[in-house]
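Reviewing the structure listed below.
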Amino acid sequence: MPYTTHEIHRIEEKWQKIWQEKKIFSATADSQKKKYYVLEMFPYPSGKIHMGHVRNYTIADVIARFRMMQGCNVLHPMGYDAFGQPAENAAIKHKTDPAKWTYGCIGQMRSELQRMGFSYDWDRELSTCDKAYYRWNQWIFSKMHERGLAYRKASSVNWCESCQTTLANEEVVNNACWRCKSEVVQRKLDQWYLKITDYSERLLKDLHHLEPWPSRVVAMQENWIGKSYGVNIFFTWKEIGERITVFTTRVDTIFGATYVVLAPEHPLVEKLIAGSPDEKTIRAFIEKVANESKSLRMAGDKKKEGIFTGQYAVNPVNGEAIPIWIADYVLMEYGTGAIMAVPTHDQRDFLFAKEHNLPMRVVIQDPVNPDVKVSDLKQAYEGQGVLVNSKQFDGTENESAKRKIAEWMSVNKMGEVTVHWRLRDWLISRQRYWGTPIPIVYCDQCGIVPVPEDQLPVVLPPAEDVKITGEGGSPLARCNEFVNTTCPKCKGKARRETDTMATFFDSSWYFLRFCSPRDDKEVFEKKEAAYWMPVDQYIGGIEHAILHLLYSRFFTKFFKDLGLISFDEPFARLLTQGMVLKDGEVMSKSRGNTVDPDEIIERYGADSLRLCILFAAPPEDQLEWSNGAVDGSWKFLNRVWQLVEQRFVPVVDNISAADLDQEDKDLERERNAAIKKVTEDISQGYKFNTAVSALMVLMNAIDQYRVVTGNATRQALLNRAIRSVIVLLAPFTPHICEELWQKTGGREESIVKVSWPSFDARALTRDSVQVVAQINGKLRGKFQVASGSSEEEVREIILADAKIQEFLAGKPVKRFIYIAGKVANIVI
RNA sequence: GGGCGGAUGGCGGAAUUGGUAUACGCGCAUGCCUUAGGAGCAUGUGGGGAAACCCUUAGAGGUUCAAGUCCUCUUCCGCCCACCA
């Protein structure tokens with residue numbers, strides 16, 4: 001029977017059914033067994049899975065199945081990150097219910113995942129849009145509120161006109177909405193925030209306990225948290241004597257400060273300009289900047305704009321009075337919203353000073369250009385050097401001057417050493433319908449009142465009761481039955497919060513929920529979480545390197561503080577898989593270069609698709625899709641299939657080592673080498689591509705191995721080799737391997753129950769090895785020598801060779817370097 | 001501007017971590033076989049050369065008996081961050 005499309009589908013469906021019915025992948029906590037938790041970043045249920053999903057989940061599936069065969073108790077769950085805007089947008093467009101749309105997509109997605117043959121414990125499947133899930137979002141929010149970690153604040157927020165909602169800083173990419181790419185503007189709104197900044201230090205520190213994480217991701221998180229050490233310098237407003245604190249990381253340049261700049265939103269600005277003759281002009285400028293969208297204000301090539309306040313600040317280190325300016329290039333959100341400008345050593349200040357004709361003074365000597373005149377400067381010098389024009393610090397190397405000046409200023413109360421963070425609190429309010437309602441009630445008497453635990457969940461009203469039009473504001477605000485409620489405290493009339501939570505909230509703890517997904521008494525069962533967590537191997541796209549991973553780490557630390565868990569980090573190891581490209585570009589709907597996995601399965605089957613994606617590139621690299629490669633994978637599987645069909649003949653395997661001739665030993669060596677290579681490639685760095693190639697090498701060796709009919713020894717050895725191929729290939733292409741395992745006498749209910757083979761190191765040795773002879777590093781000959789030959793023996797053999805002698809041309813051998821069993825280099 | 005990765009045949013990619021560069025696969029070429037299929041099998045396939053040989057891992061130097069691998073500089077590509085003081 002050939003391995004035809006029809007046959008492939010029959011086999012794949014057959015085994016998927018068996019796995020399902022016999023609950024092969026159902027996981028139960030068992031303290032006697034070593035656990036292994038494999039998790040891929042759960043998908044947004046858009047309906048169809050794409051190649052990126054296929055790659056992500058195939059990688060995870062190989063790891064899960066490999067661990068199962070190694071005898072681990074594996075937890076491998078799947079769920080859906082189901083709240084969010086696409087469902088709402090689709091509902092508006094097609095005049096349907098987001099819930100209906102989402103559950104429809106989930107159904108379709110589930111069947112596509114099942115068609116791929118992934119080893120999920122489907123009993124643990126969850127969707128974040130189920131109230132059984134999101135009620136715990138609300139519970140977590142309440143706990144955070146209780147501890148002051150969830151708070152309401154009026155502030156200028158990122159607003160996407162197109163999505164009609166606010167965005168977290170993390171969701172603003174290049175000053176555009178991360179989802180729809182349209183421009184983000186500033187709006188003043190009352191919003192809910194999570195105080196992730198309380199965890200800055202821990203989020204930063206614990207990164208260094210995450211050594212198996214890709215260094216790239218660690219670096220990205222580090223930059224995002226952005227701890228910078230510096231000095232708060234106390235300038236004084238000359239006229240009034242009020243303090244103006246500026247933050248700097250370059251206190252070594254303090255003697256070069258020639259003006260001070262405040263952000264237009266700085267609280268002192270109002271006082272500074274009141275009554276000034278230029279008040280009107282200055283106000284007009286501030287107004288103009290305030291209305292400017294962030295994207296405009298931050299544009300890199302934009303000319304820096306500013307205006308002089310007419311006031312002066314006194315530099316504490318030298319008593320100098322320098323002008324105070326207001327400029328758009330200083331941001332209120334960072335540092336103190338005020339800077340000292342050192343145009344000679346900061347390029348931004350330099351450009352601004354040139355533009356507005358402000359004075360400059362060199363305080364760090366450029367070793368290349370020590371006597372440069374300020375008027376000749378083409379740009380700021382930001383490198384290292386010794387201090388000049390800096391009084392008692394002249395001649396000090398600037399890096400050590402940082403420390404010395406900071407100390408001196410601290411002692412003399414001119415400033416204080418301080419730390420600033422780039423990380424901001426996390427804005428979670430969204431003016432959308434399809435999300436978790438924020439469990440808060442507003443009462444005229446009692447103010448902001450959290451919904452008590454026993455009244456949770458606050459259920460999202462059905463879409464038919466809410467007018468989801470895509471118009472501005474929260475859709476829930478237009479649903480009176482939802483809004484109007486009674487105050488949990490005073491029982492008087494009250495209104496519900498009508499914003500919903502950002503969906504990143506949902507995905508920040510789902511990995512914990514998988515440990516006890518049906519628990520309706522608590523957020524997750526402590527005992528289950530203690531057994532399964534942390535996730536041993538997390539797999540997903542690099543695009544989540546900052547947001548999702550940072551939030552999940554934050555939630556985990558919060559749960560630890562609640563006493564629910566005892567570990568600090570949710571994901572022990574992280575693998576970020578590369579993107580799938582087509583013709584050199586990322587596969588995407590908008591580019592129109594997608595390949596539908598379903599069509600590939602239809603034609604070649606899931607196994608071929610899985611194999612192809614694993615073989616084409618290492619998991620972390622980009623993968624260039626090629627249809628030819630699937631064809632190759634299919635051909636290979638077909639060869640394996642034919643091998644069993646045509647050459648497997650059951651015989652009793654009672655061979656002893658003494659029975660083996662050279663060809664037998666060669667085959668055994670190849671077989672053991674493949675076991676070694678596949679095992680190491682999977683467990684040390686997930687090098688699936690080379691693992692697959694090792695199996696191809698073994699297949700080639702098997703093809704060379706001839707069995708005369710009736711030779712029981714050879715048939716038994718061939719059978720061994722065949723069965724090794726099947727077992728080793730099982731994590732990669734499970735369906736065909738299940739089928740072939742059974743055909744070759746396997747009696748286990750599934751091949752994942754077969755123990756992963758170990759290799760026999762003795763079988764790997766050879767009687768003779770090839771030694772390459774080099775003369776001055778150039779390849780000059782190859783010699784077969786007996787394994788374990790001494791250097792002298794090898795030297796004798798090589799030097800006796802006529803061709804080598806010819807190359808030596810009578811010159812004396814200066815050195816003879818021998819690397820056992822590999823290379824001999826003759827130096828002349 | 002800052003950070004992190006890369007660059008190996010026509011293509012995807014290997015290289016025991018300093019020891020035979022191009023494993024494995026795709027593609028291509030030639031031939032065989034056939035109730036003709038998505039076949040299968042055999043042989044070949046980095047470049048130059050008739051050959052002996054020579055050259056070859058983006059480019060240029062260096063260290064070393066030996067460099068794709070280590071060091072220095074240059075070029076190009078990708079990703080992330082970015083008026084962050």
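We name chains A, B, ... by the order of the sequence lines, and we start the count at 1 in each one.
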(request) Would you kindly give the CH2-to-C1' distance between A/Trp224 and B/rG3, to the nearest whole Å? (result)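 It is 15 Å, rounded to the nearest whole Å.
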
(message) Rounding to an integer number of Å, can you tell me how far A/Leu643 CG sits from B/rC41 P?
(response)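 That distance rounds to 12 Å.
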
(message) Please classify B/rU63 as syn or anti, treating any glycosidic angle within 90° of 0 as syn.
(response) anti

(message) Using O4'-C1'-N9-C4 for purines and O4'-C1'-N1-C2 for pyrimidines, with syn meaning within 90° of 0, is B/rG68 syn or anti?
(response)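 Base orientation: anti.
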
(message) Would you say the rings of A/Trp325 and A/Phe352 are close, in the sense that their centroids are separated by under 6.0 Å?
(response)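 Close enough - the centres of the two rings lie under 6.0 Å apart.
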
(request) Determine the minimum heavy-atom distance between A/Ala338 and A/Leu262, stating which atoms define it. (result) CB-CD2, 3.4 Å

Which value, in whole Å, describes the distance between the [atom1] atoms of nucleotides [N] and [M]?
N	M	atom1	result
B/rC65	B/rC53	C1'	23 Å
B/rU74	B/rU64	P	24 Å
B/rC24	B/rG44	P	12 Å
B/rG19	B/rC26	P	29 Å
B/rC76	B/rC32	C1'	47 Å
B/rG68	B/rC80	C1'	27 Å
B/rA7	B/rU57	P	14 Å
B/rC70	B/rA15	P	14 Å

Any base atoms under 4.0 Å from [X], or only sugar-phosphate, or nothing? Heavy atoms, all strands.
X	value
A/Lys803	sugar-phosphate
A/Phe816	nothing
A/Arg422	base

(message) Between the base of B/rC65 and the side chain of A/Asn825, is one N or O donor paired with an acceptor at under 3.5 angstrom?
(response) yes

(message) So if I take every side-chain heavy atom of A/Ile546 and compare against B/rG13, B/rC84, B/rC80, which nucleotide ends up nearest?
(response)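 Of the candidates, B/rC80 comes closest.
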
(request) Would you please name every residue forming a salt bridge (charged side-chain N to carboxylate O under 4.0 Å, His left out) with A/Arg348, sequence neighbours left out? (result) A/Asp346

Using only side-chain N and O atoms of [X], determine if any of them is under 4.0 Å from OP1 or OP2 of [N].
X	N	value
A/Lys582	B/rG12	no
A/Lys778	B/rC55	yes
A/Arg780	B/rC54	yes

(message) Does the protein touch nucleotides 20-31 of chain B at the base, only the backbone, or not at all? Give it as B, S and - per nucleotide, heavy atoms under 4.0 Å.
(response) B--BBSSS----

(request) Specify the residues of residues 338-354 of chain A, ordered by number, for which at least one heavy atom lies under 4.0 angstrom from an atom of RNA chain B. (result) A/Ile339, A/Arg348

(request) Mind listing the residues from residues 249-262 of chain A sitting with a heavy atom below 4.0 Å of RNA chain B? Number order is fine. (result) A/Thr249, A/Arg250

(message) I'd like to know if A/Glu792 pairs up with A/Arg795 as an ion pair, taking the criterion as any Lys NZ or Arg NE/NH1/NH2 lying under 4.0 Å from an Asp or Glu carboxylate oxygen.
(response) no

Return the set of residues passing ring-ring contact (aromatic ring centres under 6.0 Å, His included) with [X] (not counting sequence neighbours), or none when no residue passes.
X	value
A/Tyr686	A/Phe688
A/His9	none
A/Phe235	none
A/His420	A/Phe247

(message) For the CD1 atom of A/Ile804 and the CZ atom of A/Phe807, what is their distance to the nearest 0.5 Å?
(response)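 Here the interatomic distance stands at 7.5 Å.
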
(message) Tell me if a side-chain donor or acceptor on A/Thr765 pairs with a main-chain N or O of A/Ala761 at a distance below 3.5 Å.
(response)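 No, A/Thr765 side chain to A/Ala761 backbone: no donor-acceptor pair under 3.5 Å.
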
(request) Give a yes or no answer on whether the side chain of A/Gln770 reaches the backbone of A/Lys822 with a donor-acceptor pair at less than 3.5 Å. (result) no

(request) Could you note down all residue pairs passing salt bridge (Lys or Arg N to Asp or Glu O under 4.0 Å) where residues 693-704 of chain A supplies at least one of them, sequence neighbours left out? (result) A/Arg639-A/Asp703

(message) Taking salt bridge (Lys or Arg N to Asp or Glu O under 4.0 Å) as the cut-off, I'd like each qualifying pair that reaches into residues 610-630 of chain A, sequence neighbours left out, listed once.
(response) A/Asp61-A/Arg610

(message) Ignoring hydrogens and geometry beyond distance, is a side-chain donor-acceptor pair present between A/Gln642 and A/Gln646 at under 3.5 Å?
(response)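 On atom types as modelled, these side chains qualify, holding a pair under 3.5 Å.
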
(message) For RNA chain B, report each stem as range with range, ordered by first number, or say none. Use Watson-Crick or G-U wobble pairs under 3.5 Å, at least 3 in a row.
(response) B:1-7 with B:75-81, B:10-12 with B:24-26, B:27-32 with B:40-45, B:46-48 with B:53-55, B:58-62 with B:70-74

(request) Name all residues meeting the side-chain hydrogen bond (donor to acceptor under 3.5 Å, both in side chains) criterion together with A/Gln784; count only those two or more places apart in sequence or in a different chain, and write none if there are none. (result) A/Ser768

(message) Need to verify one output field. Residue with the more 5' nearest nucleotide on RNA chain B, A/Thr336 or A/Phe807?
(response)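 First, find each residue's nearest nucleotide; the 5'-ward one identifies A/Phe807.
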
(message) Here's a test of your reading of the structure: between A/Thr4 and A/Trp421, which maps to the more 5' nucleotide of RNA chain B?
(response)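 Residue closer to the 5' terminus by nearest nucleotide: A/Thr4.
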
(request) Verify the neighbour count for atom NZ of A/Lys676: are there more than 12 heavy atoms of other residues, nucleotides or ligands below 6.0 Å? (result)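 At most 12 heavy atoms, drawn from other residues, nucleotides or ligands, come within 6.0 Å of this atom.
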
